[in-house]
Participant: 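The following block contains the structure, expressed as structure tokens.
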Amino acid sequence: MTRLSVEMLAADAPEPITSAGHAQLGIAVLAGIAVIVLLITKFKLHAFLSLTIGSLALGAFAGAPLDKVITSFSAGLGSTVAGVGVLIALGAILGKMLADSGGADQIVDTILAKASGRSMPWAMVLIASVIGLPLFFEVGVVLLIPVVLMVAKRGNYSLMRIGIPALAGLSVMHGLVPPHPGPLVAIDAVGANLGVTLALGVLVAIPTVIIAGPLFSKYAARWVDVPAPERMIPQRPSEDLEKRPGFGPTLATILLPVVLMLAKALVDIIVDDPENTVQRVFDVIGSPLIALLAAVLAGIFTLGVPAGFSRERISSLVEKGLAPIAGILLIVGAGGGFKQTLIDTGVGRMILEISEDWSIPALLLAWLIAVAIRLATGSATVATVSAAGLVAPLAADMSTTHAALLVLAIGAGSLFFSHVNDAGFWLVKEYFGLNVGQTIKTWSIMETIISVVAGALVLLLSLIL
């Protein structure tokens with residue numbers, strides 16, 4: 001590269017806010033994260049506001065001019081929402097369509113009709129994994145809990161034997177597999193390839209969900225033996241519908257974006273020629289935006305029309321699907337702003353130098369940072385976006401495969417030991433009618449198993465690939 005081109009690149013690159021020493025930057029990071037943790041846990045402030053204030057505090061403690069901190073935060077927020085905002089919106093629409101049309105219930109009932117006895121926990125983990133692909137975790141819980149409670153009650157199964165596999169399937173999808181918000185933000189932050197991350201995410205997810213789901217549920221059922229609470233069995237979405245979509249079209253709609261994105265990754269590996277017509281076609285149809293848009297459009301005809309929805313009902317459904325994600329989009333955007341503030345204050349360089357001095361593998365460092373933030377804030381999404389911002393510079397010299405594994409290491413760490421500061425903890429506690437101790441013995445330990453197993457598999461893959 002010529003001297004002139006290097007100077008041009010330097011001119012185009014964002015100017016660092018400050019070059020403060022490691023000690024001051026270290027204090028600034030701890031102070032910024034402490035402000036976020038305190039605001040979320042002690043003052044119960046919304047994560048969006050907490051991340052915004054924490055970013056400003058980080059810049060102030062780092063000795064950066066406040067106007068440049070604001071510029072960094074705004075730029076990070078804008079670029080993050082631009083990168084993943086539309087994808088989150090499309091995923092929310094597809095999930096709402098799947099739930100309201102009765103498509104999700106159709107998949108559940110079809111698989112349960114084929115399962116019985118010892119195969120039931122495996123059926124539940126399969127259902128949750130499939131349903132969990134396009135649905136946010138909280139939506140998946142609300143959708144599947146009625147099924148878990150009814151199956152446990154009618155089949156006289158242990159509630160934990162059926163419930164833990166369902167929760168494991170949803171949680172693993174939420175933490176490791178795009179197009180969920182956490183993995184999407186991490187992919188955007190570290191510049192990873194979405195198709196490769198998706199493929200490796202599924203590879204890691206399968207053994208992880210088996211160990212944390214059906215296998216762990218045997219022990220969870222012994223530790224906590226509680227009946228299904230009658231009062232918590234709500235109405236299922238499809239009970240008000242006269243008809244609902246078929247199993248095949250519903251499954252095809254759910255898997256369509258996954259297949260398109262994986263096909264793009266496969267063609268990129270096999271052809272490896274950006275000018276090749278076939279690769280260019282798959283680069284378009286396999287892009288996350290087109291893949292999810294195709295699934296939403298297909299869903300109108302495979303889910304909405306068979307359910308008897310009018311055009312007005314489908315339009316209303318899309319609008320209702322978008323409403324609940326406002327908070328998620330703002331949290332994700334503020335996380336991106338926090339990430340950019342970390343980078344521009346020089347924290348990214350500091351992390352890079354520390355990892356070299358301490359000889360800590362980048363993947364392990366990413367997992368540990370995500371674990372620490374998850375334990376402190378209780379939010380897997382906040383842990384993911386914050387950890388991704390801290391370790392993003394480590395991905396600069398990584399291969400495509402290892403950058404994808406870095407994303408998965410962050411996702412695995414973000415699921416570690418859910419406890420009383422996590423909304424998911426209380427959601428599970430109330431729906432299953434557990435006390436705090438019972439929830440820790442089951443849900444919290446299950447989340448820890450997912451985090452540790454997935455993290456170990458990611459490190460193992462890094463040695464092989």
Side-chain angles (χ1 to χ4, degrees), residues 85-114 123 126-147 150 169-170 173 177-181 198 234-264 281-282 284-326 328:
V86 177
L87 306 184
I88 293 172
L90 289 171
I93 294 168
L94 181 60
K96 181 68 172 173
M97 204 176 292
L98 181 69
D100 285 13
S101 68
D105 285 346
Q106 181 66 30
I107 286 181
V108 169
D109 294 344
T110 302
I111 295 176
L112 290 183
K114 307 283 185 183
L126 175 62
I127 289 167
S129 299
V130 172
I131 296 296
L133 273 172
L135 293 176
F136 296 135
F137 176 78
E138 292 82 1
V139 178
V141 169
V142 172
L143 196 68
L144 283 184
I145 290 303
V147 178
M150 284 189 291
L170 290 173
M173 293 297 116
V177 182
H180 286 277
L198 176 59
Q235 185 182 27
R236 300 175 71 194
S238 64
E239 288 181 8
D240 291 333
L241 298 174
E242 294 182 5
K243 51 186 177 179
R244 61 189 188 185
F247 175 79
T250 302
L251 185 63
T253 305
I254 293 173
L255 296 179
L256 177 61
V258 177
V259 170
L260 290 177
M261 286 188 280
L262 287 177
K264 174 191 178 301
V281 169
F282 274 89
V284 173
I285 64 173
S287 66
L289 174 62
I290 299 300
L292 280 166
L293 181 61
V296 169
L297 295 176
I300 293 174
F301 299 99
T302 59
L303 301 173
V305 173
F309 289 175
S310 64
R311 293 177 184 177
E312 292 76 14
R313 175 84 182 267
I314 291 172
S315 177
S316 173
L317 185 149
V318 170
E319 188 174 337
K320 289 178 180 176
L322 290 173
I325 66 166
I328 294 172

Participant: If the condition is side chain to side chain donor-acceptor pair (under 3.5 Å), which residues does Thr253 pass it with, not counting sequence neighbours?
Facilitator: Thr302
Participant: Using the side-chain contact (heavy atoms from CB on, under 4.5 Å) criterion, which residues pair with Val305? Sequence neighbours excluded.
Facilitator: Phe301
Participant: To the closest 0.5 Å, what do you measure between CD (Glu319) and CD1 (Ile314)?
Facilitator: 14.0 Å
Participant: Going by the rule salt bridge (Lys or Arg N to Asp or Glu O under 4.0 Å), which residues pair with Lys264 if we only count those two or more places apart in sequence or in a different chain?
Facilitator: Asp268, Asp283
Participant: Roughly how far apart are Leu293 CG and Leu260 CG, rounded to 0.5 Å?
Facilitator: 11.0 Å
Participant: Go through the structure and list residues passing side-chain contact (heavy atoms from CB on, under 4.5 Å) with Leu322, not counting sequence neighbours.
Facilitator: Ala89, Ile93, Val318, Ile325
Participant: With sequence neighbours excluded, what pairs up with Pro245 under the side-chain contact (heavy atoms from CB on, under 4.5 Å) test?
Facilitator: Ser101, Thr250, Leu303, Pro306, Ala307
Participant: Just grab all the side chain to side chain donor-acceptor pair (under 3.5 Å) pairs involving residues 87-99, residues at least two apart or on different chains.
Facilitator: Lys96-Asp100
Participant: What are the two closest non-hydrogen atoms of Ala128 and Gly169, and how far apart are they?
Facilitator: CB-CA, 3.9 Å
Participant: Of the non-hydrogen atoms in Pro257 and Ala295, which two are nearest, and what is the gap between them?
Facilitator: CD-CB, 3.6 Å
Participant: Distance check, rounded to the nearest 0.5 Å: Asp109 atom CG versus Asp105 atom CG?
Facilitator: 6.0 Å
Participant: Show the nearest heavy-atom pair for residues Ala291 and Met261, with the distance to one decimal.
Facilitator: CB-CG, 4.0 Å
Participant: Just distance, no hydrogens or angles: give the donor-acceptor pairs under 3.5 Å from side chains in residues 140-147, sequence neighbours left out.
Facilitator:
none

Participant: May I have all residue pairs that pass salt bridge (charged side-chain N to carboxylate O under 4.0 Å, His left out) and include part of residues 290-300, sequence neighbours excluded?
Facilitator: none
Participant: Pick from Val130, Leu126, Leu112: which one makes a side chain to side chain contact (heavy atoms under 4.5 Å, CB included) with Ile107?
Facilitator: Val130
Participant: Looking at Leu256 and Ala298, what are the two nearest heavy atoms and their distance?
Facilitator: CD2-CB, 4.2 Å
Participant: Under the side chain to side chain contact (heavy atoms under 4.5 Å, CB included) criterion, do Ile254 and Leu94 qualify, and how do the steps go?
Facilitator: CA-CA 8 Å; Ile254 293 173; Leu94 181 60; over 6 Å; no
Participant: Tell me, please, which residues at least two apart from Thr110 pass side-chain contact (heavy atoms from CB on, under 4.5 Å).
Facilitator: Gln106, Phe247
Participant: How many angstroms lie between CD1 in Ile290 and CD1 in Ile285, if you round to the nearest 0.5 Å?
Facilitator: 10.0 Å
Participant: After noting the C-alpha distance and the side-chain angles of Leu292 and Val296, does the key distance pass the side chain to side chain contact (heavy atoms under 4.5 Å, CB included) rule?
Facilitator: CA-CA 6 Å; Leu292 280 166; Val296 169; 5.5 Å; no
Participant: Are side-chain heavy atoms of Met173 and Ile131 found at a separation under 4.5 Å?
Facilitator: no
